[in-house]
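Just so you know, these numbers use all the heavy atoms, side chains as well, and skip hydrogens, waters and symmetry mates.
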Amino acid sequence: MASPSPLDRCWVVKDSPGSSQIMLAVRAAVERHWPDTQRAAAYALGDETLADEIMEEAIEQAVAYLVDHPPKDHEEVRAVLSRFCKLEVGRRRKQRAPFVFIDSSVASEASSSYSQVTAVDSAIDAERILADAPRKVREALMMRYGSSESWSDVAARTATSPGAIRKKCKRCLDRIRQKLGIPGAPQ
């Protein structure tokens with residue numbers, strides 16, 4: 001059962017032997033990573049409410065690891081919790097049915113007979129859509145939205161600043177939305 005707030009999720013820590021020394025660091029790490037976990041659950045799994053379960057599982061795994069491997073500082077606790085959150089999101093993503101890309105140029109006219117198709121229900125060939133994007137932008141989009149990495153991680157791997165790569169990705173996404181006729185795209 002999910003706890004009422006991100007900090008209250010640390011209830012799983014108090015029952016673990018040897019956890020009293022790391023309790024404050026774990027609480028700080030949970031507070032820091034809670035928004036990222038909610039965002040990852042929403043984008044990667046399509047359900048923000050799963051963030052509760054993901055965080056509790058990550059806390060349990062992180063505490064078990066940290067009790068056996070005492071952390072040197074608070075940053076190490078944050079890194080361990082972040083790693084277990086990402087692993088849990090990945091594990092849950094793999095459990096779901098695989099996402100299938102369909103080349104719409106080959107799709108039959110019969111499939112277009114449905115009057116309303118939501119964005120989630122429609123499958124689009126990602127390679128074709130991103131073909132016009134520059135290599136760094138394509139890589140950044142896949143890291144950010146495909147792997148739920150933070151903008152700072154994306155910026156580090158693409159050797160740009162977080163603000164610059166976010167702006168480039170936003171422009172690329174706006175162009176894609178405009179091409180596809182998605183409402184809200186700049187005209």
N-O pairing of [X] and [Y] below 4.0 Å:
X: E31; Y: R27; result: no
X: D174; Y: R177; result: yes
X: R92; Y: D47; result: no

Atom pair [atom1]/[atom2] of [X] and [Y] - distance to nearest 0.5 Å:
X: I54; Y: L45; atom1: CD1; atom2: CG; value: 5.0 Å
X: F84; Y: R91; atom1: CZ; atom2: CZ; value: 12.5 Å
X: M143; Y: D153; atom1: CE; atom2: CG; value: 8.5 Å
X: T37; Y: I59; atom1: OG1; atom2: CD1; value: 9.0 Å
X: C85; Y: H33; atom1: SG; atom2: NE2; value: 7.0 Å
X: C169; Y: R138; atom1: SG; atom2: CZ; value: 12.0 Å

For a 4.5 angstrom cut-off between non-hydrogen side-chain atoms, does [X] reach [Y]?
X: S150; Y: D36; value: no
X: Q38; Y: M55; value: no
X: Y65; Y: R83; value: yes
X: E57; Y: E60; value: yes
X: L66; Y: V80; value: yes
X: K167; Y: C172; value: no

(request) Could you please spell out the steps behind the side-chain contact (heavy atoms from CB on, under 4.5 Å) verdict for L50 and E53? (result) CA-CA 5 Å; L50 293 174; E53 297 171 18; 4.0 Å; yes
(request) Check R157, R39, R144 against E149 for a salt bridge (Lys or Arg N to Asp or Glu O under 4.0 Å) and give me the one that passes. (result) R157
(message) Tell me whether K168 contacts the main-chain N or O of V137 through its side chain, where contact means a donor paired with an acceptor under 3.5 Å.
(response) no
(request) Mark yes or no for whether E76, through its side chain, and K72, through its backbone, hold a donor-acceptor pair below 3.5 Å. (result) yes
(request) Indicate, with yes or no, if L173 and Y43 share a hydrophobic cluster defined by side-chain heavy-atom contacts under 4.5 Å among Ile, Leu, Val, Met, Phe, Trp and Tyr. (result) no
(message) On a heavy-atom basis, which atom in A41 and which in A51 lie closest, and how many Å separate them?
(response) CB-N, 3.8 Å
(request) Provide the closest heavy-atom pair for V89 versus A44 in the form atom of the first, atom of the second, distance. (result) CG1-CB, 3.8 Å
(request) Evaluate the side-chain contact (heavy atoms from CB on, under 4.5 Å) criterion for residues L81 and V26: first the C-alpha distance (whole Å), next the side-chain angles of each, then the deciding distance (0.1 Å), finally the verdict. (result) CA-CA 8 Å; L81 182 67; V26 170; 5.6 Å; no
(message) Which residues pass the salt bridge (Lys or Arg N to Asp or Glu O under 4.0 Å) test with R78, not counting sequence neighbours?
(response) E75
